[in-house]
Amino acid sequence: MTETTIPRGNTLPRIRPWLGIAAAASFVVASVMALFWAPTDAVQGDVYRILYVHVPLAWLAYLAFVIVFLASVGWLWTKRPFFDAVAVASAEIGVLFTGLFLVAGSIWAKPTWGVWWTWEPRLVTTAIMFVMYVGYLLLRGLSTDFSRRANRAAVFGIIAVIDVPIVHLSVLWANSLHQLPTVLRAAGSPALDSSMLLTLMVSLFAYTLIYTYFMSARVSLERARQGRLWTT
Amino acid sequence: MDVVLALRLRARAALVPILALPVLVPQLVAATRGTSAALSGDAVGALSWAGLLFAFAVVYTVIGLTIVPAAIE
């Protein structure tokens, strides 16, 4: 074959180190802001500072899975291997962030609600979402045929994103029709101070950069793998 | 080699519940809650859960018809 080089060509590998530096720097800035600059919460004290980790992780988990969905649609539509690489990269990073999100939430729940875990709609939904994308990754591990694997994964990637809001709705209804979560009422969401909001925005930005950096590294790894394993 | 194959097969069988559970959870919740509402004479509750079940059915049928052909081609 003449075209043995895989069509990787773009500027991503060249800007990646800079992306990494930017991600690390903004993470440091966000952490300093979250730990020292942002004021202490009147109700929760310093414990609330985990918000600056928890909320960005939640945002990234959802972002990652929406990107899995878009990449899955892209693969089914165009059959370009690039989309499959994006899907698997985003799913892996999404599972990582969802796991950390659950752990951070649990650590936050203990001092504020008094329990590590409660069967509250959002928690149940997140746990199910986590299981779903672990299943997605397992599903990918089963097939050795590239396009069959990509097809199956794409179908599941689409169903998963549609299913997450449905799960949330059903669990929310199940709770609201019978009992209201009393523990969670008390915690509520206090109105955010403007410096708190700014810190949160910087954290969101930093974590999104980290996601972008991970994505660029993981996607080119997957592209290289595709080039070695599937183009013969 | 056989061991690898057996592992593969077992993994495949184990994957079904893992993949099915998240998709079945809403139906399970709606069916159980709807039934208990119906049995306790709560007509509004039972009907609204039945409506939710119907909505799931519509959504999954539409998704199924659009993307499952891609999975089995």
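Quantities reported herein were computed from a predicted structural model and do not represent experimental measurements. Below, read A as the first sequence line, B as the second, and so on, with proteins coming before strands; counting in each chain starts at 1. Computation of the quantities below employed the complete heavy-atom set of this structure, encompassing side-chain atoms and omitting hydrogens, waters and symmetry-equivalent molecules.
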Name all residues meeting the side-chain hydrogen bond (donor to acceptor under 3.5 Å, both in side chains) criterion together with Tyr211(A); count only those two or more places apart in sequence or in a different chain, and write none if there are none.
Ser90(A)

Return yes when atom CH2 of Trp117(A) has more than 12 non-hydrogen atoms of other residues, nucleotides or ligands closer than 6.0 Å, and no otherwise.
yes

Please list, in residue-number order, every residue in residues 125-136 of chain A that has a heavy atom less than 4.5 Å from any heavy atom of chain B; write 'none' if there are none.
Ile128(A), Val131(A), Met132(A), Gly135(A), Tyr136(A)

Taking side chain as C-beta onward, heavy atoms only, is Ile67(B) less than 4.5 Å from Ser72(A)?
no

For Leu76(A), is it the side chain, the backbone, both or neither that has a heavy atom under 4.5 Å from a heavy atom of chain B?
side chain

Ignoring hydrogens, what is the shortest heavy-atom contact between Pro26(B) and Asp163(A)? Give both atom names and the distance.
CG-OD1, 4.2 Å

Please output the residues of residues 54-62 of chain B in contact with chain A, using a heavy-atom cutoff of under 4.5 Å, in numerical order.
Phe56(B), Val59(B), Tyr60(B)

Between Val23(B), Leu28(B), Leu21(B), Thr32(B), who has the most heavy-atom pairs with chain A when the cutoff is under 4.5 Å?
Val23(B)

For Leu52(B), is it the side chain, the backbone, both, or neither that has a heavy atom closer than 4.5 Å to a heavy atom of chain A?
side chain

Under 3.5 Å, which donor-acceptor pairs link side chains of residues 55-63 of chain A to any protein atom two or more places apart or in another chain?
from	atom 1	to	atom 2	distance (Å)
Trp59(A)	NE1	Thr208(A)	OG1	3.0

